[in-house]
Amino acid sequence: MQQSKNLQRLLRALSRHGLQVNYENRTYSVSLQSVNAATAEVLLPEGFPVEAKAFKQLANLANIRHPGGGCVTHTCATPDFHPGDAGVAIGSVVQTKGMVIPAAVGSDINCGMRSHVVDLTLEQFLQKRDRFVELMKGDYFFGTRDVTMTAKTSRALFQYGIPGWLDEMLDTPTGSFVKSNFDQLSGEIDRVYLGGSMNGAIKWAPEELIPDEGVVRDGGLGTIGGGNHFVEIQVVEAVEDRATAYLWGVREGQLAFTIHSGSRNVGKYIGGMWRDLAKAAWPKGYPYPDYRLFPLSVEANPELVRNYLEAEATAANYGFINRLLLAELLRLRLREVYGDIEAPLVYDLPHNITLGEKRITHGKLTKEDLWVTRKGACPAHFGQPVIIPGSMGATSYLVVGKGNQAFCSSASHGAGRLKSRFEMSRRGAIHTEEDLGLIGVDCITLREERRIEEAPAAYKPIQPVIDIQVEAGMVSVVAKLKPILTFKG
DNA sequence: ATGTGC
């Protein structure tokens, strides 16, 4: 098979890091010489360079094991694969047995996507666009909407996620704007991954957010955040799977909105705390794992593993509710400006999280200390809705999972970065709308450099990234969402 | 990812 220069360079880089690669039918099957004999599955779009550093990080991840028991059993790289700052490549999926690696999820716990459709045409939307934008700028950037809650409600948020938080909210004097739409919010719980509820615990939350009594005013809740996070108004441009789109309530020509955000400072706090705790628990006398990705062993330290998963769940619950509030703020303003329109949830899912994996062993569904950590990768179980954004200002895809076992039922979480933020923002670099790939997209932000750093031109084109995942049987396309207006934190 | 850093 004829191979491009990029590909040859890539294969050499892979072999330097102990990865042996077969390239066939546009997919790479990779055998990985890791101490754990872990397998690897790598899927990359042709014609785009992938940094050797990302593969070094993948090989390193596959080699992690705990002296007290626990190892990596399988790794994957999704086609938006690129190096990560914290030693783990974005687009990595890692399956572990008998251990978890807190640093593999890192700080951005339950970063994820949420999409709604809106019964409004583009023309109707544009007529009152200015008023709507001013109201949203207030809510997202200046906190005009009061999202205070009682101490009890805030504690329920961390412990139970969406359902427990909603129940508690109903009984408190605060949060009137959530209570006013309680029935719809409750009815949408089954369209959130895991019902928006994980087994958290109050004690892992930042102290100032869990007082014994009184009121909590959390400036982080209902905010977009930085990096690649955004909230975007879109149009359902094309429906490619009519039956599934109908089931999900998605129709061509409708307006839609999509949210990309996570657990903000709470994830940073909990992720950072456990990076330190995992280091402190590393057995004395053993060399540190590269990039300091310290695992926690079930056999050596069952309590620590339980606590970490509980702490991660605590931040994840906050992430689910942050996205819910971002959506609810927007939905309320839509109704305020455009009348009593429907804007139902399509789906909400995380792409940065550790989940216990159920396996079928001897015909029985079991959980045997086996986890899958997805770092910038979506779960994509059979029939499950998946939201894959390109970047802000680029087409987002609603796809349906195919449960591809080689990829631990996963899909990419985006297109993958092509140019660093620094590269985009340096002086003399391209700045016209055309060069940024932002033609016809209205970017609302308080900081102009964000518009440049996160422009579509900083990312790979999304289409080949989707195509190769369809070919590999990971997902199939349901609908495409074309951006109109982006709120950028 | 993070009221970040070049």
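A note on names: the letters A, B, ... follow the listed sequences, proteins ahead of strands, and every chain is numbered from 1.
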Answer yes or no: is there a donor N or O on one side and an acceptor on the other, between the side chain of A:Asn352 and the main chain of A:Asp108, under 3.5 Å? yes
Under 4.0 Å, heavy atoms only, any strand: does A:Gly226 hit a base, just the sugar-phosphate, or nothing? sugar-phosphate
Name the residue closer to the 5' end of DNA chain B, choosing between A:Arg450 and A:Glu454 according to the nucleotide with the nearest heavy atom. A:Glu454
At 4.0 Å (heavy atoms only), tell me whether A:Gly225 reaches a base, stays on the sugar-phosphate, or touches nothing. sugar-phosphate
Hey, can you pull the donor-acceptor pairs under 3.5 Å for the side chains in residues 319-326 of chain A, sequence neighbours left out?
from	atom 1	to	atom 2	distance (Å)
A:Asn322	OD1	A:Gly222	N	2.6
A:Asn322	OD1	A:Thr223	N	3.3
A:Asn322	ND2	A:Thr223	O	3.3
A:Asn322	ND2	A:Ser261	OG	3.2
A:Asn322	ND2	A:Gly262	O	3.0
A:Arg323	NE	A:Asp348	OD1	3.2
A:Arg323	NE	A:Asp348	OD2	3.1
A:Arg323	NH1	A:Asn110	O	2.9
A:Arg323	NH1	A:Asn110	OD1	3.4
A:Arg323	NH1	A:Ser261	O	3.0
A:Arg323	NH2	A:Asn110	OD1	2.8
A:Arg323	NH2	A:Asp348	OD1	3.0

Nearest-nucleotide pick for A:Ser425, side chain only, options being B:dC6, B:dT4, B:dT2: B:dC6
Distance-only polar pair, side chains of A:Ser410 and A:Arg374, donor-acceptor under 3.5 Å: yes
A:Asn265 CG to B:dT2 P: how many Å, rounded? 8 Å
Whole Å only: how far is the CG atom of A:Asn352 from the C1' atom of B:dT2? 13 Å
Can I get a per-line list of side-chain donor-acceptor pairs under 3.5 Å for residues 80-96 of chain A, giving both atom names and the distance, sequence neighbours left out?
from	atom 1	to	atom 2	distance (Å)
A:Asp80	OD1	A:Thr78	OG1	2.6
A:Asp80	OD2	A:His413	N	3.0
A:Asp80	OD2	A:His413	ND1	2.6
A:Asp80	OD2	A:Gly414	N	3.1
A:His82	ND1	A:Asp80	O	2.8
A:Ser92	OG	A:Ala89	O	2.7
A:Gln95	OE1	A:Thr73	OG1	2.7
A:Gln95	NE2	A:Glu357	OE1	2.6
A:Thr96	OG1	A:Met99	O	2.7

Using atom OH of A:Tyr269 as one end and atom P of B:dG3 as the other, report the distance to the nearest whole Å. 16 Å
Roughly how many Å is it from CG in A:Leu221 to P in B:dT2, rounded to a whole number? 14 Å
Any idea which of B:dT4, B:dC6, B:dT2 is nearest the A:Phe422 side chain? B:dC6
Would you say CZ of A:Arg217 has more than 12 non-hydrogen atoms from neighbouring residues, nucleotides or ligands within 6.0 angstrom? no
Could you state the atom-to-atom distance from CD of A:Glu453 to C1' of B:dT2 in whole Å? 14 Å
Expressed in angstrom and rounded to an integer, what is the separation of A:Asp218 atom CG from B:dG3 atom C1'? 14 Å
Taking 4.0 Å as the cut-off, does a side-chain nitrogen or oxygen of A:Arg447 come that near to OP1 or OP2 on B:dG3? no
Euclidean distance, atom CD1 of residue A:Ile109 to atom P of B:dT2 [Å, nearest integer]: 12 Å
So does A:Arg421 get a side-chain nitrogen or oxygen closer than 4.0 Å to the phosphate oxygens (OP1/OP2) of B:dG5? no
Within this structure, what is the CZ-to-C1' distance between A:Phe142 and B:dG3, rounded to whole angstrom? 14 Å
